[in-house]
Peer 1: 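My questions all concern the structure below.
The residues of the chain are indexed from 1 along the displayed sequence. Keep in mind that the numbers below use all heavy atoms, side chains included, and drop hydrogens, waters and symmetry copies.
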Amino acid sequence: MKTLIIGASGLVGGALYHQFRKKSHQVVGTYNTYKVDPFISLDITNKEQAEKTIADFGPDVVLSPAAFAHVDKCEQEPQLCRLVNVNGIKNLIDTIRNINTQFVFFSTDYVFDGKSGPYKEEDRTNPINLYGKLKLEVEEYIKDHLDRYLIIRTANVFGWERQNKNFVVNLISKNKRGEKMRIVNDQFGSPTYAPQLAQAIYCLVSDSRTGLYHVAGRSVIDRYSFALEVADVFDLDKSLISSITTSQLGQKVPRPQKGGLIIDKVEKVLPFKMYTSKEALAEMKKDDII
């Protein structure tokens, strides 16, 4: 199986690259702004470049975790957010819609408003920020234009990564530097370990599954409680970690508060159970840093 991973230099893309390579597949990864060898350069907002990359490689499956994922900056730079998160993905979809290629798109629990989570696949969507709205727009575009697709909604992905941007790595780094962190205690999600997410995607692709799946960790937990779990597993100084409410924090861009994903559908077809948050952290501690 020839596999093209768009955004392989990121957390999810890197985990996918390692998972598919481990299974002896022919895999090509791409990067945009963060250069990583042996990945190739690709700007998905350039339609001609996207078309050439796909034509040259001829993939059986295209996985696209690439995104402009900074929620606050999406509101500050809406045109750039739309250019990458909608126009760029549409360039990929329009290129492969007439060839026998499966498309895997990575969405988010931010397509929900966070009033009554955790959520099943069939629950009503109602995004409350631009990032979630644009992800949902692409979901609908995929359903209208492709037959062979997987839409993967996930949440709170963490793990070792080259760019050290995710919540857990940030928490570990800052704590070890003696920095204090205030973590919200009323925003709930489903922490998801990137390597296991990649393993689940590999199983779905290999089994020729199509449609919409929620793929996330089994725990639904608030961010402060999760931070304390990180501290327990990695022997951090809990005195540097304090709780705060969303209203006290004063985030300019709203986030779903009662978020998280119900994963019953995917666990019925996977040969394993997704980790709880503490199980995932224990695996991360055992794994080598990329």
Side-chain angles (χ1 to χ4, degrees), residues 1-67 84-107 138-139 141-154 157 159 161-163 192 194-213 215 266 269-272 290:
M1 181 165 59
K2 298 175 71 175
T3 305
L4 177 63
I5 300 172
I6 309 296
S9 60
L11 172 59
V12 175
L16 290 167
Y17 184 81
H18 285 284
Q19 178 66 36
F20 279 77
R21 280 288 300 272
K22 186 169 64 177
K23 299 296 182 179
S24 300
H25 289 281
Q26 187 176 349
V27 185
V28 168
T30 77
Y31 72 90
N32 183 19
T33 57
Y34 186 77
K35 183 178 180 179
V36 176
D37 292 327
F39 304 153
I40 63 174
S41 176
L42 172 62
D43 176 3
I44 60 173
T45 67
N46 183 321
K47 189 170 185 177
E48 290 73 23
Q49 196 178 132
E51 289 173 344
K52 185 178 187 306
T53 300
I54 291 171
D56 287 349
F57 183 51
D60 300 301
V61 56
V62 175
L63 301 102
S64 182
V84 176
N85 292 351
V86 177
N87 297 2
I89 303 302
K90 285 183 177 180
N91 286 341
L92 299 173
I93 294 166
D94 293 344
T95 300
I96 68 172
R97 61 187 296 186
N98 295 319
I99 59 178
N100 189 30
T101 297
Q102 184 177 20
F103 187 66
V104 184
F105 175 67
F106 288 79
S107 191
V138 174
E139 285 189 18
Y141 190 84
I142 289 169
K143 292 174 185 176
D144 289 341
H145 291 81
L146 294 177
D147 295 319
R148 293 188 63 210
Y149 68 83
L150 274 168
I151 295 171
I152 305 297
R153 290 185 187 144
T154 191
V157 184
E161 63 172 325
R162 298 176 180 88
Q163 299 181 62
T192 308
Q196 194 185 41
L197 172 63
Q199 184 183 6
I201 302 311
Y202 177 80
C203 290
L204 293 175
V205 170
S206 297
D207 291 344
S208 300
R209 303 284 177 181
T210 59
L212 170 65
Y213 285 89
V215 186
V266 77
V269 301
L270 291 178
F272 56 85
I290 293 175

Peer 1: Ignoring hydrogens, what is the shortest heavy-atom contact between Ser107 and Ile151? Give both atom names and the distance.
Peer 2: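 Closest heavy-atom pair between Ser107 and Ile151: CB-CG2, 4.3 Å.
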Peer 1: Taking all heavy atoms of Ala8 and all of Gly29, pick out the closest pair and write down the distance.
Peer 2: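 Looking at all heavy atoms of both residues, the closest pair is CB-CA, 3.6 Å.
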Peer 1: Just wondering, do Pro65 and Phe105 contact through their side chains at under 4.5 Å, heavy atoms?
Peer 2: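 No - every pair of side-chain heavy atoms lies 4.5 Å or more apart.
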Peer 1: Which heavy atom in Arg162 sits nearest to a heavy atom in His18, and how many Å separate them?
Peer 2: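 In terms of heavy atoms, the two residues are closest at NH2-NE2, 3.9 Å.
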Peer 1: Tell me every residue that passes salt bridge (charged side-chain N to carboxylate O under 4.0 Å, His left out) with Lys22, counting only those two or more places apart in sequence or in another chain.
Peer 2: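 Residues passing salt bridge (charged side-chain N to carboxylate O under 4.0 Å, His left out) with Lys22: none at all.
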Peer 1: Give the minimum heavy-atom separation between Ala15 and Ala194, together with the two atoms involved.
Peer 2: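 So the two residues come closest at CB-O, 3.6 Å.
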Peer 1: Using the side-chain hydrogen bond (donor to acceptor under 3.5 Å, both in side chains) rule, collect all pairs that involve residues 4-17, keeping only residues at least two apart or in two chains.
Peer 2: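 Residue pairs with at least one partner in residues 4-17: Tyr17-Arg21.
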Peer 1: With heavy-atom distances below 4.5 Å as the criterion, would you say the side chains of Ile93 and Asn91 are in contact?
Peer 2: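 A side-chain contact under 4.5 Å is absent here.
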Peer 1: Using 0.5 Å steps for rounding, measure from the OG1 atom of Thr53 to the CD1 atom of Ile44.
Peer 2: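 So the gap between those two atoms works out to 11.0 Å.
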Peer 1: Show your working on side chain to side chain contact (heavy atoms under 4.5 Å, CB included) between Val12 and Ile201 and close with a plain yes or no.
Peer 2: CA-CA 11 Å; Val12 175; Ile201 302 311; over 6 Å; no
Peer 1: I want to check something: taking the side chain as every heavy atom from C-beta on, are Leu204 and Ile152 in contact at a cut-off of under 4.5 Å?
Peer 2: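 Sidechains of Ile152 and Leu204: in contact.
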Peer 1: Roughly how far, to the nearest 0.5 Å, is CG of Leu270 from CD of Gln199?
Peer 2: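 One finds 8.5 Å between CD of Gln199 and CG of Leu270.
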Peer 1: Thr192 and Val215: side chain to side chain contact (heavy atoms under 4.5 Å, CB included), yes or no, with the steps?
Peer 2: CA-CA 8 Å; Thr192 308; Val215 186; 5.8 Å; no
Peer 1: Identify the heavy atoms of Leu11 and Gly159 that sit nearest to each other, and give their distance.
Peer 2: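 That closest heavy-atom pairing would be CD1-O, 3.8 Å.
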Peer 1: For the atom pair CG (Asn87) and CG (Asp94), what is the distance rounded to the nearest 0.5 Å?
Peer 2: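 Answer rounded to 0.5 Å: 10.0 Å.
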Peer 1: Could I get the full list of ring-ring contact (aromatic ring centres under 6.0 Å, His included) partners for Phe103, not counting sequence neighbours?
Peer 2: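 Partners of Phe103 by the ring-ring contact (aromatic ring centres under 6.0 Å, His included) criterion come out as none, since no residue qualifies.
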Peer 1: Measuring only between side-chain heavy atoms, which start at C-beta, is Val138 closer than 4.5 Å to Lys90?
Peer 2: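 Side chain of Val138 against side chain of Lys90, heavy atoms only: no contact under 4.5 Å found.
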Peer 1: Per the side-chain hydrogen bond (donor to acceptor under 3.5 Å, both in side chains) rule, what does the pair list look like for residues 26-43, sequence neighbours excluded?
Peer 2: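 Counting only pairs at least two positions apart or across chains, the side-chain hydrogen bond (donor to acceptor under 3.5 Å, both in side chains) contacts touching residues 26-43 are Asp43-Thr45.
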Peer 1: Could you tell me the separation between the OG1 atom of Thr210 and the CZ atom of Arg148, rounded to the nearest 0.5 Å?
Peer 2: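 It is 9.0 Å, given to the nearest 0.5 Å.
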Peer 1: CG/Asp144 to CD/Glu139 distance, rounded to the nearest 0.5 angstrom?
Peer 2: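 Interatomic distance, Asp144 CG to Glu139 CD, rounded to 0.5 Å: 12.0 Å.
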Peer 1: Go through Phe106 and Arg153 one step at a time and tell me if the side chain to side chain contact (heavy atoms under 4.5 Å, CB included) criterion holds.
Peer 2: CA-CA 6 Å; Phe106 288 79; Arg153 290 185 187 144; over 6 Å; no
Peer 1: Please tell me if the side chains of Thr3 and Val28 come closer than 4.5 Å, counting only heavy atoms from C-beta onward.
Peer 2: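 Not in contact.
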Peer 1: Residues in ring-ring contact (aromatic ring centres under 6.0 Å, His included) with Tyr202, at least two apart?
Peer 2: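 Partners of Tyr202 by the ring-ring contact (aromatic ring centres under 6.0 Å, His included) criterion, ordered by chain and then number, come out as Phe20, His25.
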Peer 1: Can you measure from CG (Leu92) to CD1 (Ile142) and round to the nearest 0.5 angstrom?
Peer 2: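 Reported value, rounded in 0.5 Å steps: 9.5 Å.
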Peer 1: If you look only at distance, which donor and acceptor atoms sit under 3.5 Å apart when one is on a side chain in residues 54-64 and the other is two or more places apart or in another chain?
Peer 2:
from	atom 1	to	atom 2	distance (Å)
Asp56	OD2	Lys52	NZ	2.7
Asp60	OD2	Lys2	N	2.7

